[in-house]
Each structure stands twice: as structure tokens, then as C-alpha cells.
Visitor: 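I'd like to ask some things about the structure below.
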Number of protein chains: 2
Amino acid sequence: MAKKVVPETDRRRRKPTKQGVVLTEEMIVQTALRMLHEHGREGLTVRRLGVALGADPSTLYRYFRGTDDLTLAIADELIGRAMRGWRASGDWRADLREVGLRIHTAYLNHPEAAVLTANRVSGRANEIATDEAILGILRSAGLSDPDAVRVYQAFIDLTLAFAALDAASLALPEAARAADEEVWRATYAQLSPETHPNIAATAPLLVARMNDSAYPTALGMLLDSAAATLEAG
Amino acid sequence: MAKKVVPETDRRRRKPTKQGVVLTEEMIVQTALRMLHEHGREGLTVRRLGVALGADPSTLYRYFRGTDDLTLAIADELIGRAMRGWRASGDWRADLREVGLRIHTAYLNHPEAAVLTANRVSGRANEIATDEAILGILRSAGLSDPDAVRVYQAFIDLTLAFAALDAASLALPEAARAADEEVWRATYAQLSPETHPNIAATAPLLVARMNDSAYPTALGMLLDSAAATLEAG
DNA sequence: AAAAACCGTCAACCGCGTTGGCATAAGCTG
DNA sequence: CAGCTTATGCCAACGCGGTTGACGGTTTTT
């Protein structure tokens, strides 16, 4: 077997698939994303991806070194979708807020893919462009390079961390998701005020907040802190 | 096959294993944690866990309904380790900070387990006790119930989100980890100032910060915000 | 027109989680 | 101590997973 995958740019397509499909790296990634969305994290397997594309599973190894390589390609597609069409307005605070919310939203639109990829560094085009954009916002706002890097790191980590956390509960297999919610009703909401006074006192409030993301609040705090740095510097 | 797993409390042990080992739920969880630590996330399988315990893999299904159930047990053990020996000092800010750092640290000590469990609700004893403790800190600090719940949610989500994010990069299989770092040297650090001025200008600073967690900073921001709420209320 | 490269397919390997049936030892009853 | 029940460990098997090596047809190159 060939050890190397031919890079997409050098690829001269040869044979259509038995079912008549002509494959592309892009087509494979899009199909993988769709399968993740429709059938959940467990629903994406090399074999099923092959079936969905009308190709033998082993064909995919001509395009990706393995599942990890495919994962990175999915990661970059996700961030690409988040930033598609974005333009800087010049208002650093509004820009940063929008980039954060775009990423958070894009990830929540594909929770299964988000869980899979939120913590990876793909080094592909879309990821690099996004980092460049964020640093550009901070530096042209007037932050020194060390401050820009500090805020950049807090910003991107906060955003990805919340995206991953919020996506994770959306991406749970239906059974686990139901189980987690059932735990709430069956366990937390039933605790005695004697043994667990604080949970018992706040149970209704806890339930009401359970499905909201704390990301916007946390992002606001970060922006406040960055603004303070800017004024002090 | 029996549909039900006998609860640990009702269990009257009968047979030692072929290798002479007498199993316990606790022993299984501890062994699973150790295997995760030593052989990574992929290294923990039902079959290997069986071997490590000196028991047939199928025996584990007498103790857990399946891998998901085992995962929840691991989750609770992790939070239990984080909080072991903790006592409230009465200074709400110091207490909250310590609880956050304890959880973050405990998770980073078992990154593979953390990635597996950070987003699950186990409803088991240690998890409930921790939530009760956090709410207790906030309410006895003087926050109203709605404020306490708001801060509680931001606090626990922030902590778990960062724990998961920071753990994830520690937990990457060695190959992927090396690949991610290589991406940095090979890609980010080599970008031309012409096409990527902001990354090029800050590359050394980015590299220097790459391995630090932004959690303590973010936690500080959250505590500041909570203190402001307290004074305003 | 011949040679080379590409790339889809086939068959196979091994490891995975899980299950049903079976054997046996532990505990209970007397 | 004898016999019954039942918990629990073990075995064999199932279907599915990722991955690989050999093969062969098709396109591109020379």
C-alpha cells in the first residue's frame, strides 16, 4: 500500500467510483460533517462514510492518512464555516465579540464535530486565517504585543472551551442525554433539605438555567478586562 | 443474561477470579484510572481491563451496565479525588478559588479521564457533594439565590470547560501531540510577515504562552465579577 | 504505442463491546 | 451437614470497527 496520500492540489483524478461518483477531498469532508450531524458521533465510521459516498471504505485512505487526518480536515472546515464572510468593522470590541459568537455558534451547529475537533490544531488554511484576524483586531486596537498575545490566548481558549463544553451536552447520544436529564429529576431535584440545604433551596433556579450557555457572560467579562488593559496602557 | 447489575451495597461476593482476585467496584474504577493514565485513552478497553484485573472481560458486566456506566463511575472518582480533604475556611473568595483550582488540578492529573468525563453528569455521591458545597459558599457569602445560581453556573462551567480543554491537549496520543507541536514549528512560526503580519510579529510570544493555562486568569475575572455583584446587592 | 502513475476494489486481519449459556462456589434454610 | 438458590466468573460467539496489501483497470506521460 502506498504510504503517502497525494496532496489535493497535485491530484489528477482518474477513476470514478463503481457507483459513478468522482471523489474530492472536499466532498468527503462535507459528507462526513453531514453524517456526524445526522447520525451522531458514533454514526461516522470509515465504512459508513464509504457507503454514503458510494465508494469502498479503503478508498478513503487515498485521501486521508487515517481517521485522525480526516478529523483535522473536519476541524478546519468547521472554523472556515464560522468565519465565512466575516469582515472587520474597525470597532475592536464589536469585532472580537462577533468572532467569538460566530465560532461558538458554528460549533453548536455541529456539536458532534465540535466535540471531535475543538482541541486540535490543524494548521490548515482556515485556522491560520482566523488566528491572524484575531491578533490583527487586538494589535490595531492598540494593545502591545505581549498584551495582545495574552488576551488572544484567553479569548481563543475561552471560546473553544465553552464551545466544546456546550457542544458536548448537545452531542451526547440520545440515551446518555436522556440519562443525564433523568439524573436531574430523579436525583438532584429530590434531595432532602436536611442533607443538601443549598441544592434543595435553589433547585428550581438550577433547572431553569440548565440549558443556557454561560459563554456570552464570560465573553463580556473578558472584553471588559481587555478594555481596562487598553485604558491603563 | 441478567439485565440488572447488583448494586455495590447489596453485593455479597462469591467467587474469586481464576487468578484468585476478588473484585470490587472500587478496584475496577481504580484500575481503569490507572490504565487511562498509563496507556492513554485508547489503552482502556473492556478486554484489557479484564486482563489487568485478572478476570474475563465479560465479568465486568456484572458490575457496570456497559462502558458508559463505567465512565460515570470514573467521573465521580475524579471529582472525589479533587475534593478529598477539603474544608470551607469561611472566606468565600478563597474557598471558591481553591475549589476551582482543586478541580482543575485533579483533572489535569488525569487528562485522559478528564476528557472522557468532564461533560457528564453522574449524579453520584461525590458530584452532588461538590455542587452542594459550591452553592453553600455562594449563599453564605450573602448572594441571593438567583445570583448564587448564576455565579454557580458560570463557575462550574468555566472550571470544567477549561479543565477539559487543558486536559485535552495533555491527553492527545503521543503521535497527535507531536504532530500538533510540529505544526507550530513547521507552519505558524514560518509564516511570512507579508501575508500574516500579526502572527509573524508575535510568534515568539505565542510560543512562550502556548503551554500555560488561561484558567487562573479567567477564574480571577469571575471572582471579581461576583464580588462586584455582592457589593451592589 | 508503451510505460508509469494513480486510485478504486477486494479480501483479509485483528481488536473491539456485548451477549447467552453454562458451571460453580457462596450463602441460606433446615 | 445436606440441599437449594442465586450470584457471579468464564467461554464462545456475533457483528462491527480501522487498516492494510495485492490487484487491476484507467488516465497521463513519454
Side-chain angles (χ1 to χ4, degrees), chain A residues 1-25 27-28 31-32 35-36 39-72 74 116 173 175-176, chain B residues 1-25 27-28 31-32 35-36 39-72 74 116 173 175-176:
Chain A
M1 167 150 222
K3 301 238 161 202
K4 260 273 163 206
V5 168
V6 175
E8 185 72 7
T9 52
D10 300 5
R11 199 174 279 277
R12 309 220 187 318
R13 233 156 320 299
R14 303 296 171 88
K15 299 164 78 164
T17 226
K18 214 171 192 183
Q19 328 264 334
V21 188
V22 176
L23 297 174
T24 328
E25 183 174 313
M27 175 190 308
I28 298 176
T31 306
M35 293 187 65
L36 276 173
H39 305 109
R41 193 174 172 175
E42 316 280 293
L44 176 63
T45 71
V46 174
R47 290 174 126 95
R48 285 209 258 210
L49 185 51
V51 172
L53 288 163
D56 188 89
S58 63
T59 306
L60 301 175
Y61 289 82
R62 302 279 183 206
Y63 292 82
F64 300 97
R65 262 184 288 281
T67 44
D68 191 71
D69 198 23
L70 175 60
T71 300
L72 293 182
I74 293 174
L116 219 53
Chain B
M1 172 153 217
K3 303 238 161 203
K4 262 273 164 205
V5 168
V6 176
E8 185 72 6
T9 51
D10 300 5
R11 201 174 275 278
R12 307 225 187 311
R13 233 157 317 298
R14 303 296 173 88
K15 299 163 78 164
T17 226
K18 216 172 191 184
Q19 327 265 334
V21 188
V22 176
L23 297 174
T24 327
E25 183 174 313
M27 176 190 310
I28 297 175
T31 306
M35 292 187 65
L36 276 173
H39 304 108
R41 192 174 172 176
E42 316 280 292
L44 177 64
T45 71
V46 175
R47 293 175 123 95
R48 286 209 258 210
L49 186 51
V51 172
L53 288 163
D56 188 89
S58 64
T59 306
L60 300 176
Y61 289 80
R62 302 281 183 204
Y63 292 82
F64 300 97
R65 264 184 290 278
T67 46
D68 192 71
D69 198 23
L70 174 60
T71 300
L72 294 182
I74 293 174
L116 217 54

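Just so you know, these numbers use all the heavy atoms, side chains as well, and skip hydrogens, waters and symmetry mates. Numbered from 1 within each chain, the chains take letters A, B, ... in sequence-line order.
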Visitor: Taking donor-acceptor contacts at under 3.5 Å, does the side chain of A:Ser58 reach the base of C:dC10?
Guide: yes
Visitor: Looking at every non-hydrogen atom in both residues, tell me the closest pair between A:Asp69 and A:Phe64 and how far apart they are.
Guide: OD2-CA, 3.6 Å
Visitor: Look at B:Thr59 and D:dT8 and indicate whether a side-chain polar atom (N or O) is within less than 4.0 Å of OP1 or OP2.
Guide: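 No, no such contact exists.
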Visitor: Specify the separation, in whole Å, of atom CG of A:Asp68 and atom P of D:dG17.
Guide: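 Roughly 19 Å, once rounded to whole Å.
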Visitor: Quickly work out the B:Leu23 CG to D:dG9 C1' distance and round it to whole Å.
Guide: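 After rounding, the gap between these two atoms is 9 Å.
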Visitor: From the options D:dC11, C:dT9, C:dG8, select the nucleotide whose nearest atom is closest to the side chain of B:Asp56.
Guide: D:dC11
Visitor: Give a yes or no on whether a donor-acceptor pair under 3.5 Å exists between the nucleobase atoms of D:dG9, that is its base, and the side chain of B:Arg62.
Guide: yes
Visitor: Take the protein atom CE of B:Met27 and the nucleotide atom C1' of D:dT8, then report the distance between them rounded to whole Å.
Guide: 15 Å
Visitor: What pairs meet the side chain to side chain donor-acceptor pair (under 3.5 Å) rule with one or both residues in residues 43-54 of chain B, with sequence neighbours excluded?
Guide: none
Visitor: Return the value, rounded to whole Å, for the distance between atom CD of A:Glu42 and atom P of C:dG17.
Guide: 12 Å
Visitor: Starting at atom CG of B:Leu49, determine the distance to atom P of D:dG9, rounded to an integer number of angstrom.
Guide: 13 Å
Visitor: Using whole Å, what does the distance between atom P of nucleotide C:dG17 and atom CG of B:Leu60 come to?
Guide: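 Going from B:Leu60 (CG) to C:dG17 (P), I get 10 Å.
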Visitor: What closest approach, in Å, do A:Pro57 and A:Val46 show between heavy atoms, and which atom pair accounts for it?
Guide: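 That closest heavy-atom pairing would be O-CG1, 3.8 Å.
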Visitor: Considering non-hydrogen atoms only, spot the tightest contact between A:Ala55 and A:Leu23 and give its length.
Guide: CB-CD1, 4.2 Å
Visitor: Please tell me if the side chains of A:Leu70 and A:Leu49 come closer than 4.5 Å, counting only heavy atoms from C-beta onward.
Guide: yes
Visitor: From the list D:dG9, D:dC10, C:dG17, which nucleotide is the closest neighbour of the side chain of B:Tyr63?
Guide: D:dG9
Visitor: When the C1' atoms of the five terminal pairs at each end define the local axes, what inter-axis angle does the helix from C:dA1-D:dT30 to C:dG30-D:dC1 show, to 10 degrees?
Guide: 10°
Visitor: What residues form a side chain to side chain contact (heavy atoms under 4.5 Å, CB included) with B:Leu116, not counting sequence neighbours?
Guide: B:Leu36, B:Arg41, B:Thr71
Visitor: Side-chain N or O of B:Thr17 versus OP1/OP2 of D:dC10: is the shortest distance under 4.0 Å?
Guide: yes
Visitor: Search all heavy atoms of A:Thr17 against all heavy atoms of A:Gly54 and return the closest pair with its distance.
Guide: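 It is CG2-O, 2.8 Å.
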Visitor: Using the closest heavy atom to pick a nucleotide of DNA chain D for each, name whichever of A:Arg48 or A:Pro16 lands nearer the 5' end.
Guide: A:Arg48
Visitor: Both A:Ala55 and B:Gly66 contact DNA chain C. Which one's nearest nucleotide lies toward the 5' end?
Guide: A:Ala55
Visitor: Look at the side chain of A:Thr67 and decide which nucleotide, out of C:dG8, D:dG18, C:dT18, has an atom nearest to it.
Guide: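 Nearest to the side-chain atoms of A:Thr67, counting from C-beta on, is D:dG18.
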Visitor: To the nearest Å, give me how far apart CZ (A:Arg47) and C1' (C:dA11) are.
Guide: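 Those two atoms, CZ and C1', are 11 Å apart.
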Visitor: Whole angstrom is fine here: how far is it from OH in A:Tyr61 over to P in D:dA22?
Guide: 17 Å
Visitor: Quick check for you: among C:dC16, C:dT9, D:dG18, whose closest atom lies nearest to any side-chain atom of A:Val46?
Guide: D:dG18
Visitor: If you compare all heavy atoms of A:Ala32 against all heavy atoms of A:Ile74, which two are closest, and at what distance to 0.1 Å?
Guide: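 Between these two residues, the closest heavy atoms are CB-CD1, 3.9 Å.
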Visitor: What about B:Lys15, does its side chain sit under 3.5 Å from the base of C:dT24 through a donor-acceptor pair?
Guide: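 Yes.
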